[in-house]
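Step one of this worksheet: look at the structure below.
Note that the structure is a prediction, hence the values are computed from the model and not measured. Here, residue 1 is the first one in the sequence, and each next residue gets the next number.
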Amino acid sequence: MNLRAVSVKGILTLTVLWGFCAAAHAQLPGPPAGKALVFLYRVDRQPVAGSVAAVVNADRVGALSNGTYVTAVVNPGRTFLRVGDRVLSTLALQTAPNQRYFVLVEAVPGATPLRVEMRQMTEAAARRSLAQSSRAGAAPAAAAVPR
């Protein structure tokens with residue numbers, strides 16, 4: 001057995017594991033003092049094309065497509081989430097100051113028009129999906145809801 005080959009293989013294995021662990025334990029941003037931070041992230045079991053508008057407490061925070069996420073800083077208390085365009089999915093959270101909340105958005109395969117389901121997740125369950133997701137673009141100003 002070649003000791004050099006074993007040590008190179010071991011170093012490569014440790015490097016890959018270190019990279020995986022670093023990504024899995026990357027620091028997620030925290031909320032500003034006295035506020036709560038909500039992460040909405042979309043991961044489809046069966047990828048579905050299209051994006052859906054994400055609204056938190058009547059403010060549009062972006063559009064979610066598979067593999068993307070948005071965040072919203074909210075005041076503590078009752079927080080209302082709405083995702084969808086023609087078919088809406090809603091969820092209410094009771095938020096506390098200085099806490100983070102994670103909500104999985106998942107498209108229903110075969111549903112026309114595009115429909116999603118939402119459910120609150122633990123940080124541990126959300127962390128891996130968030131590490132593999134990209135931040136969704138904010139809604140264009142022209143798409144803003146009139147006052």
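Considering only heavy atoms from C-beta on, R100 comes within 4.5 Å of P31 through its side chain. Two residues are said to be in side-chain contact when any heavy atoms from C-beta on lie closer than 4.5 Å; R119 and V103 fail this criterion. Contact of the V48 side chain with the R42 side chain is registered, since non-hydrogen atoms from C-beta on lie closer than 4.5 Å. Taking the side chain as every heavy atom from C-beta outward, L28 and R127 approach each other to under 4.5 Å. Using a 4.5 Å cut-off on side-chain heavy atoms (C-beta onward), T71 and Y41 make no contact. Residues V83 and V55 fail the side-chain proximity criterion, which asks for heavy atoms closer than 4.5 Å. Using a 4.5 Å heavy-atom threshold, the side chains of V70 and L64 count as touching. The shortest side-chain heavy-atom distance between L114 and D85 does not fall under the 4.5 Å cut-off.
Follow the hydrophobic side-chain contacts under 4.5 Å out from V116 and you reach L93 in the same cluster. Transitive grouping of hydrophobic side chains (ILVMFWY, heavy atoms separated by less than 4.5 Å) brings V73 and F102 into a common cluster. Using a 4.5 Å cut-off between side-chain heavy atoms of Ile, Leu, Val, Met, Phe, Trp and Tyr, with links allowed through other members, V43 and F39 fall into the same hydrophobic cluster. No path of Ile, Leu, Val, Met, Phe, Trp and Tyr side chains, each step under 4.5 Å between heavy atoms, connects F80 with V52, placing them in separate hydrophobic clusters.
Between the side chain of N66 and the backbone N or O of P47, no donor-acceptor pair lies under 3.5 Å. Judged by distance alone, with hydrogens and angles left aside, the side-chain atoms of N98 form a donor-acceptor pair with the main-chain N or O of G34 at under 3.5 Å. The main-chain N or O of A36 is never found under 3.5 Å from a side-chain atom of T95 such that the two would form a donor-acceptor pair.
Every pair passing side chain to side chain donor-acceptor pair (under 3.5 Å) that includes a residue from residues 45-55 is listed here, sequence neighbours excluded: R45-E106.
Taking CE of M118 as the start and CG of L104 as the end, the distance is 10.5 Å to the nearest 0.5 Å. The distance from atom OG of S129 to atom OH of Y69, rounded to the nearest 0.5 Å, is 12.5 Å. Taken to the nearest 0.5 Å, the CE atom of M121 stands 12.5 Å off from the CD atom of E123. Separating the NZ atom in K35 from the CD atom in Q99 is a distance of 15.0 Å, to the nearest 0.5 Å. If you take CZ on R82 and CG on L88, they are separated by 6.0 Å, rounding to the nearest 0.5 Å.
When all heavy atoms of A136 and A63 are compared, the pair lying nearest together is CB-O, 3.1 Å.
T68 meets the side-chain hydrogen bond (donor to acceptor under 3.5 Å, both in side chains) test with no other residue; sequence neighbours excluded. In this view, S65 satisfies the side-chain hydrogen bond (donor to acceptor under 3.5 Å, both in side chains) rule with no residue, not counting sequence neighbours.
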